[in-house]
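To find a chain, count down the sequence lines: A is the first, B the second, and so on, and within it residues start at 1.
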Number of protein chains: 2
Amino acid sequence: MSDSDELLSIRAAELYYDEDKTQDEVGQILGLTRWKVGRLLAQAKEKGYIRIEIVHPRARKLGLERELRDAFGLADAIVVPVSGAKNDAEIRDRVAQGAADYLTALRPVPRTLGISWGRTLDDVAAKLTDGWATRVSVVQINGGVTLNQRAGTAAATAVSIAKKASGDATLLPSPAILERLETKKSIEGDRMVAQVLGMAAEASAYLYSAGVAGPDSAHVHSGYLTTENVRELVRRGAVGDVVGRYIDANGMIVDPSLDERTLGLSLDQLRAAPTSIAVIAGLAKQAVARAMVSSGLCTVLVTDEETARAVLNP
Amino acid sequence: MSDSDELLSIRAAELYYDEDKTQDEVGQILGLTRWKVGRLLAQAKEKGYIRIEIVHPRARKLGLERELRDAFGLADAIVVPVSGAKNDAEIRDRVAQGAADYLTALRPVPRTLGISWGRTLDDVAAKLTDGWATRVSVVQINGGVTLNQRAGTAAATAVSIAKKASGDATLLPSPAILERLETKKSIEGDRMVAQVLGMAAEASAYLYSAGVAGPDSAHVHSGYLTTENVRELVRRGAVGDVVGRYIDANGMIVDPSLDERTLGLSLDQLRAAPTSIAVIAGLAKQAVARAMVSSGLCTVLVTDEETARAVLNP
DNA sequence: CCAAAACCTGCTCACATGAGCAAAACACCC
DNA sequence: GGGTGTTTTGCTCATGTGAGCAGGTTTTGG
């Protein structure tokens, strides 16, 4: 296309889109036939000079969603925009809303939903509306925070999600990480715990988030790991944890002996699930998001635009 | 509109604009009639959820242009977008291009064009193409930079603009500001200078920019004023200079005695001109832009989006 | 509880638009 | 310079879309 045609196409686009003129009117103003105007507009669109953005906190980025699905063979992807968000909290909020919307619309409705815990899951629980589903059993899939001041939030998340669906919550009464392998084995052997784990293993869908491997990790706050432990994990390549298990950029377990002492669903069980929904929001979680998606940990990814881009173009 | 309708309108907009579906297809996907979809889209547009932007360095902001024309009774306004510009230099570049385009398209073609000098005018001169007009006489309207190392650039601007229009340039052989009033009067009395000033006064159009009142002013660099002089002018309310004359926020001369010693077209002559094109680019010049426009110094303003907004909403 | 008003819905019709096509204009090569 | 292939142009026609309207539904106020 000649240079003057390019300029003309911009002028035409201004009159057509900004001034709401018809192509005919634009043609009269610029001294062109209406067909020429139509072609110029088509060229401007094709060259990407016309950008149409949907500005709404609950808007989605269907283009990125498709790219994610295609690139990683995901069953689905939900990507929310970041434009207009003032801070990380607002982005997390939008992602949580997106996850809640997705869960509400999910068909078939899961009979049993396995969930992890954490701030992200709390947010999703808060966004779910009463009656988002009916009679859904919620089961925890990894050991919870039970031994510190935040006690009960993990349980509260599960109960809240279940209650809003007129279902009941089954809690996993165990620490996330045990100090000794034998302790873990014996807890696993407990009839009650084994029953919960069995239920978790057969859940029809999973909903979980991931943590960043760093001094701010929930495991550190909860006292399961020391700052030094986490530093060592990072040294060995850890990018974050999924249901309590630390993975590297390839989605591999970083420390098998630590992993053996971690109670809950295994990553392979998660990978085998037909529906596992990962909810990941915020700038800090891009590395772990990529590790999860590329190693097939989830079939559905709910995230923000920037994380989506980072996952696609590492 | 109900909350769910709002969400629906967003979903519809996504399918319609991002996925290029027809309203009918959107309707089938969302389970709505195509008329409902059309209404939802109209609502989304009306509520401003659909933002259409033309992304091109030579695009213009017709909405802001109209606002400027209406608010200040301008004959015309050219506003270029800032989005996508990496720095101030790129914005200046776009504004210069806009001014060059405007000048090229200006009808009737001015027989005599009065110009000031400065970096902005240099940029505009560089953007003008050979043959932008034919046989236009260019005349300087204020005293030039002749006594320092940058000697000749003011002349070069004028010559360049004239040459590209197969016309000739008439230079004003005088300093911008004289130390003593008598000197100024005697230079003004010089036959040659008087002739140039007469020609300048009768130019059919003016093209000029403005400077910021600050230590970086061209007058300081050229040695006409000291940093101290400028500081004093600022203290007395100066926001910048137009054709060498310092004005305050209301467009009034700040220091009449200084102004008397400034050689060139007076501001009142400029205000009386039927076509005077002000070219103002960059974040620093918003105050002086507003002063100029609101005091009627120009009939045409060429500027960038941000300055335009600043002028409209001070 | 009912009437009036406001609103929403599905429709017809007129207009706006993009696809496809023949003719014209242009570029190119021998 | 003339023939050939390619691009551009102006058009017809089918489809997409918005305005306006009648009938139905919900809301509001007595």
Practice task
Take the C1' atoms of the five end pairs on each side of the helix from C:dC1-D:dG30 to C:dC30-D:dG1, derive the two axes, and give their angle rounded to 10 degrees.
Solution key: 30°

Check the distance between [N]'s [atom2] and [X]'s [atom1] and give it to me in whole angstrom.
X	N	atom1	atom2	answer
A:Lys45	C:dT17	NZ	P	10 Å
A:Leu32	D:dC11	CG	P	14 Å
B:Tyr16	D:dT15	OH	P	17 Å
B:Asp24	D:dG18	CG	C1'	14 Å
A:Arg34	C:dT17	CZ	C1'	7 Å
A:Gln23	D:dT17	CD	C1'	13 Å

Practice task
State, to 0.1 Å, how close B:Asp168 and B:Ala162 come at their nearest heavy-atom pair, and which atoms those are.
Solution key: C-CB, 3.6 Å

Handout entry: Any donor-acceptor pair under 3.5 Å from B:Arg290 side chain to B:Val311 backbone
Key = yes

Practice task
Please tell me which of the listed nucleotides, C:dT9, C:dC11, D:dT17, lies nearest to the side chain of B:Lys36?
Solution key: C:dT9

Handout entry: Residue B:Trp35, side-chain atoms from C-beta onward, closest of C:dT12, D:dT17, D:dG10
Key = C:dT12

Exercise for the section: State, without any angle test, whether B:Thr307 and B:Asp304 hold a side-chain donor-acceptor pair at a distance under 3.5 Å. Expected result: yes

Handout entry: A:Arg39 or A:Lys21, whichever maps to the more 5' nucleotide of DNA chain C
Key = A:Lys21

